[in-house]
Undergrad: 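The structure is given below, and queries will be raised subsequently.
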Amino acid sequence: GRFNLGVALYRQGNGQEGEKLLEELGTVESSTEEERALRDKANLTLAFHYLSKEDPQQAQRYFVKTRMQGPMSNKALLGLGRAYSAKQEHKKSLVPWLKLIKKNASDPSVQDALLAVPFAFGQLNALKQALQYYQQALATFKGEMEQVRQAEESVKKGVLMDKLARV
């Protein structure tokens, strides 16, 4: 409830109150996985808020508070890379993004990173690496599109419904 209240306060223009509440949630000692996930979510909310306000230094502060082995880790890695990139620290942005592109490509954060990596290499004038990573991204997206096509085919043939019914 406190997380939702913090977000609602932000949206209603009470940014300082919302930030204070989310800041408290982001530093709470947590004993359960749910509490740790909520802490991560509060830190990510603050991080993306500052990133949208073009304050990458503040955003970075909250991204690094997010666990890199939790349900929010992919978003945190993507955002941390964006914060570095916004500060024109493209070499640093590659560190979280290169880690992220090794994960499951069905995740939107991974897909975003697949394009962010070659962008960063391009900014570093490493055009050969940029081209290689653009090609890797294209191959990955083609594979994802093939999976979508197969799923559509399964739905049309009724195969998917039969599989779901057996589960």
Side-chain angles (χ1 to χ4, degrees), residues 3 6-7 9-11 15-30 32-149:
F3 173 80
V7 172
L9 287 169
Y10 257 128
R11 290 183 180 160
Q16 288 180 335
E17 284 182 67
E19 182 178 342
K20 182 180 177 199
L21 193 52
L22 291 172
E23 178 78 36
E24 288 171 11
L25 285 170
T27 57
V28 148
E29 286 297 318
S30 307
T32 67
E33 180 58 31
E34 290 82 11
E35 290 172 342
R36 286 187 287 272
L38 188 58
R39 183 183 62 209
D40 288 344
K41 194 171 181 180
N43 283 318
L44 274 180
T45 300
L46 289 167
F48 279 109
H49 167 74
Y50 282 109
L51 203 53
S52 74
K53 297 290 184 189
E54 297 181 16
D55 188 349
Q57 192 64 40
Q58 270 298 83
Q60 180 183 338
R61 185 174 144 234
Y62 292 103
F63 282 126
V64 298
K65 288 182 179 184
T66 306
R67 292 175 299 150
M68 292 298 129
Q69 298 300 326
M72 307 291 169
S73 63
N74 288 358
K75 288 182 181 180
L77 288 168
L78 179 64
L80 183 59
R82 285 182 180 169
Y84 285 131
S85 184
K87 296 187 302 180
Q88 303 301 311
E89 296 176 353
H90 299 291
K91 278 187 181 179
K92 286 184 179 181
S93 71
L94 284 168
V95 174
W97 287 342
L98 286 169
K99 183 175 183 176
L100 186 54
I101 65 171
K102 294 176 183 172
K103 296 187 176 197
N104 187 331
S106 65
D107 185 302
S109 295
V110 175
Q111 293 174 4
D112 201 336
L114 283 166
L115 295 174
V117 167
F119 166 80
F121 275 119
Q123 294 299 303
L124 294 168
N125 215 20
L127 302 181
K128 186 175 181 180
Q129 289 92 336
L131 177 60
Q132 289 171 336
Y133 280 100
Y134 274 125
Q135 289 170 333
Q136 177 185 338
L138 180 60
T140 301
F141 287 130
K142 282 182 179 179
E144 289 297 305
M145 290 302 297
E146 179 58 25
Q147 287 182 356
V148 169
R149 190 196 63 71

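Here, residue 1 is the first one in the sequence, and each next residue gets the next number.
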Undergrad: Looking only at heavy atoms, what is the nearest atom pair of V110 and N104, with distance?
TA: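 That closest heavy-atom pairing would be CG2-O, 3.3 Å.
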Undergrad: Find the distance between CG (D107) and CG (D112) and round it off to the nearest 0.5 Å.
TA: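 Between D107 CG and D112 CG, I get 10.0 Å after rounding to 0.5 Å.
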Undergrad: Anything under 3.5 Å between a donor and an acceptor, one on a side chain of residues 119-141, the other on a protein residue two or more places apart or in another chain? List them.
TA:
unit_1	atom_1	unit_2	atom_2	d
T140	OG1	Q136	O	2.9

Undergrad: Angle class for the Y50/Y62 ring planes (parallel below 30°, perpendicular above 60°, tilted otherwise)?
TA: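 Rings of Y50 and Y62: parallel, under 30°.
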Undergrad: Within the side chain of S85, is there an N or O that forms a donor-acceptor pair under 3.5 Å with the backbone of R82?
TA: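 Answer holds: no.
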Undergrad: Any side-chain heavy-atom pair from P96 and K92 closer than 4.5 angstrom?
TA: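 Heavy-atom side-chain distance check fails, nothing below 4.5 Å.
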Undergrad: Quick one, T66 and S73 - any side-chain contact, counting heavy atoms below 4.5 Å?
TA: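 Sidechains of S73 and T66: no contact.
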Undergrad: Run Q57 and D55 through side chain to side chain contact (heavy atoms under 4.5 Å, CB included) and show every step you take.
TA: CA-CA 6 Å; Q57 192 64 40; D55 188 349; 4.0 Å; yes
Undergrad: Can you tell me if NZ on K103 sees more than 12 non-hydrogen neighbours from other groups inside 6.0 Å?
TA: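 Yes, enclosed.
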Undergrad: Could you give the distance from CG (L80) to CD (Q60), rounded to the nearest 0.5 Å?
TA: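 Going from the CG atom of L80 to the CD atom of Q60 covers 6.0 Å.
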Undergrad: Atom CD of E89 and atom NZ of K87: how far apart are they, to the nearest 0.5 Å?
TA: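 Here the interatomic distance stands at 4.5 Å.
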Undergrad: Charged N to carboxylate O below 4.0 Å: is that the case for R39 and E34?
TA: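 Answer for the salt bridge query: no.
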Undergrad: Mind checking salt bridge (charged side-chain N to carboxylate O under 4.0 Å, His left out) for R36 and listing every partner two or more places apart, or none if nothing turns up?
TA: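 If we apply the salt bridge (charged side-chain N to carboxylate O under 4.0 Å, His left out) test to R36, skipping adjacent residues, the hits are E33.
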Undergrad: Shortest non-hydrogen contact from R61 to V64?
TA: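 So the minimum-distance heavy-atom pair works out to O-CG2, 3.3 Å.
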Undergrad: Measure the CG-CH2 distance between L115 and W97 for me, rounded to the nearest 0.5 Å.
TA: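 Interatomic distance, L115 CG to W97 CH2, rounded to 0.5 Å: 10.5 Å.
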Undergrad: Heavy atoms only: give me the nearest A59-A47 pair and the separation to one decimal.
TA: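 Heavy atoms of A59 and A47 come nearest at CB-O, 3.2 Å.
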Undergrad: By salt bridge (charged side-chain N to carboxylate O under 4.0 Å, His left out), which residues pair with K75, not counting sequence neighbours?
TA: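 Counting only residues at least two positions away or on another chain, K75 forms no salt bridge (charged side-chain N to carboxylate O under 4.0 Å, His left out).
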Undergrad: Could you tell me whether the side chain of E144 reaches within less than 4.5 Å of the side chain of Q111, counting heavy atoms only?
TA: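 In short, these two side chains touch, coming nearer than 4.5 Å.
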Undergrad: What is the minimum heavy-atom distance between I101 and L114, and which atoms define it?
TA: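 Scanning both residues, the minimum pair turns out to be CG2-N, 3.7 Å.
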